[in-house]
Structure formats: C-alpha cells, structure tokens
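Notes for the one structure printed next.
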Amino acid sequence: NAGVTQTPKFRVLKTGQSMTLLCAQDMNHEYMYWYRQDPGMGLRLIHYSVGEGTTAKGEVPDGYNVSRLKKQNFLLGLESAAPSQTSVYFCASRTWNGVNTEAFFGQGTRLTVV
Amino acid sequence: AQTVTQSQPEMSVQEAETVTLSCTYDTSESDYYLFWYKQPPSRQMILVIRQEAYKQQNATENRFSVNFQKAAKSFSLKISDSQLGDAAMYFCAYLNAGGTSYGKLTFGQGTILTVHP
C-alpha cells in the first residue's frame, strides 16, 4: 500500500520545455488535487478532480493542464515551462465516506526551470 | 470564491506552554469542512484536526483543539503543552462540500511554529 506516489521527485527543465508530473494513488479515492508550494504563498491549488474523467480549475491554473483518464492517476502537464513555475508540487487524494474526509499527500516534486 | 487567510506568518512558543494559531475563511457555502495540517521539515503533510461545519462542538485531538466560530468565519488551532516535535509549518484548509465548487480544497498561506526548549 504505497498511498500517494509522485513521479519524478526532482526535475530541472529549460525554459520552453514540456513535462508531465504523474500522481498515482492506490486507495481508490475519487478526489485528487495538484498544488504548488512557494515560500510565503502557502499551498495554492492548480487543478483538481472529483472523479475519473473530470477536472476543474483551481486558483492558479494558467500554464498547466491536467488529465484524469484513470481513477488512480492524475497527470499535471507543463506545455512550455517558465521560470515562474519553479516550485515544489504536491499531489493529494482524498477520502470521503459521506461523513468523514481526509486528504493524503505525496512526497512532493521539486521542479526548477532555468 | 472561497479564500483562507492565515495572518500569522510565524509564531513561537516555549515548550510546555500553549499557543494559538489563527485562521479566517470566506465562503458563501453552508456545507463545508475545515482542517489543520502540519508540515514538518520532511515536507510530509499530516492531518492534525478536522471540523465539520454542521457541528457546533469544537473538535479536539489530544493536545490539539479548535475554536470554530462559524458566524465570524474563524477557525483557530490551540496547541496545549507544546512539544519540540510540534515545530512545523501549519496550514489551515477549507473543503467545499457542496455547491458549484464541490470538492475544492483550499489552503492558507501557512504559519511557521517554532518551539523553544
């Protein structure tokens, strides 16, 4: 039982390059999220999904795209990376049993765009 | 739009003392949850406590308790008998459990807590 796994853990990109971050969860959760964490800014929501095949924009969606083709995977894409996208990215998935709920997070991906 | 505000970038407390971290939120929804998460230097996110908006009773988890003021849209975290292991970044979070932004989970800016021995 791995929980939430993010791939890769570290990456350095050149400006203009593209990449995809993979988030995989083995807990059968419906809800999944992508955040970025920057000093003094807290965790800012990029995109989220409330079920397989669904996606919705968060607070800072520009420059990112997402897909949720399979329930267990939530992909975050950067089509043309910019230095402003240098950040630590966190994925989360969330339980929901009709009463209680809790979000579980991956270990984070440190992305540097040069 | 839902927003979460933590107005204290940094707080400090002496070991064994009590500290309160502040959080306010803005929403027009009636169905929601509030959380406090802890992030130690390892970057792992750990759930500290959860509050359902429909419950009037404040949630407690051992040394951690909240003061949930629904009308004021305030959700503070009290840590009693502070321990060195409590040192971390603390995030307040809001989950929309209904309405057009159903499932949206928003975090505040975080408060860095330092515990002095």
Side-chain angles (χ1 to χ4, degrees), chain A residues 2-6 9-10 23 25 29-61 66 68 74 87-111, chain B residues 1-10 21-27 31-55 59 61 88-113:
Chain A
V4 180
T5 303
Q6 292 182 229
K9 292 181 174 53
F10 303 93
C23 178
Q25 53 101 358
H29 292 168
E30 293 289 340
Y31 308 92
M32 296 188 74
Y33 304 84
W34 275 108
Y35 297 91
R36 59 178 290 174
Q37 183 175 14
D38 304 289
M41 305 294 286
L43 283 168
R44 291 184 293 172
L45 180 64
I46 304 171
H47 287 281
Y48 66 104
S49 169
V50 298
E52 181 179 317
T54 75
T55 62
K57 293 181 180 180
E59 304 162 277
V60 289
V66 288
R68 184 96 183 270
F74 195 28
S87 187
V88 178
Y89 291 84
F90 284 95
C91 173
S93 70
R94 182 170 63 84
T95 67
W96 172 245
N97 63 7
V99 177
N100 289 320
T101 182
E102 180 177 350
F104 295 85
F105 286 78
Q107 325 92 305
T109 296
R110 182 174 293 280
L111 174 66
Chain B
Q2 60 198 58
T3 58
V4 179
T5 302
Q6 294 178 247
S7 59
Q8 305 156 317
E10 298 182 24
L21 307 184
S22 301
C23 173
T24 58
Y25 59 96
D26 187 20
T27 184
D31 190 7
Y32 57 89
Y33 288 72
L34 295 163
F35 309 85
W36 280 97
Y37 274 84
K38 169 184 176 181
Q39 186 184 46
S42 67
R43 290 200 323 219
Q44 180 186 8
M45 293 287 286
I46 302 165
L47 177 65
V48 174
I49 201 163
R50 171 183 55 231
Q51 175 78 44
E52 297 86 341
Y54 63 85
K55 289 188 178 179
E61 287 287 344
M89 173 85 84
Y90 285 80
F91 289 101
C92 178
Y94 169 99
L95 171 67
N96 192 335
T100 56
S101 296
Y102 171 75
K104 188 175 185 181
L105 178 60
T106 307
F107 284 77
Q109 303 90 331
T111 298
I112 299 172
L113 177 66

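So you know, we letter chains A, B, ... as the sequences are listed, proteins then strands, and number each from 1. Every value quoted in this text rests on a predicted model; they were computed, and no experiment measured them.
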Point-to-point distance, once rounded to the nearest 0.5 Å, from CZ of B/Arg43 to CZ of A/Arg110: 5.0 Å
Any side-chain heavy atom of B/Thr106 within less than 4.5 Å of one from A/Arg44? no
Most contacts with chain A, counted as non-hydrogen pairs under 4.5 angstrom, among B/Glu52, B/Gln39, B/Gln6: B/Gln39
With a 4.5 angstrom heavy-atom cut-off, is it the side chain or the backbone of A/Arg94 that approaches chain B, or both, or neither? side chain
Separation of B/Gln44 CD from A/Phe105 CZ (nearest 0.5 Å): 11.0 Å
When the 4.5 angstrom heavy-atom criterion is applied to B/Tyr102 and chain A, the contacting part is both
How long is the span from the CG atom in B/Leu105 to the OG1 atom in A/Thr101, to the nearest 0.5 Å? 8.0 Å
Segment of B/Ile46 engaging chain A (4.5 angstrom heavy-atom cut-off): neither
Of the backbone (N, CA, C, O) and the side chain (C-beta and beyond), which part of A/Val99 lies under 4.5 Å from a heavy atom of chain B, both, or neither? both
Interface residues of residues 45-57 of chain A facing chain B - heavy atom cut-off under 4.5 Å: A/Leu45, A/Tyr48, A/Val50
Donor-acceptor check, side chain of B/Arg50 to backbone of A/Asn100, threshold 3.5 angstrom: yes or no? no
Chain B contact via A/Ala103 - side chain, backbone, both or neither, heavy atoms under 4.5 Å: both
Side chain, backbone, both or neither: which part of B/Tyr54 has a heavy atom under 4.5 Å from chain A? side chain
Look up atom CD in A/Glu102 and atom CZ in B/Phe35, then write down how far apart they are to the nearest 0.5 Å. 8.5 Å
Per-residue contacts, residues 30-39 of chain A versus chain B, heavy atoms under 4.5 Å: A/Tyr31, A/Tyr33, A/Tyr35, A/Gln37
Heavy-atom pairs under 4.5 Å with chain A are the metric here; pick the option from B/Gly110, B/Gly108, B/Gly103 that has the most. B/Gly103
Would you say the side chain of B/Tyr33 lies within less than 4.5 Å of the side chain of A/Trp96, judging by non-hydrogen atoms? yes
So which part of B/Ser101 gets closer than 4.5 Å to some heavy atom of chain A, the side chain, the backbone, both or neither? both
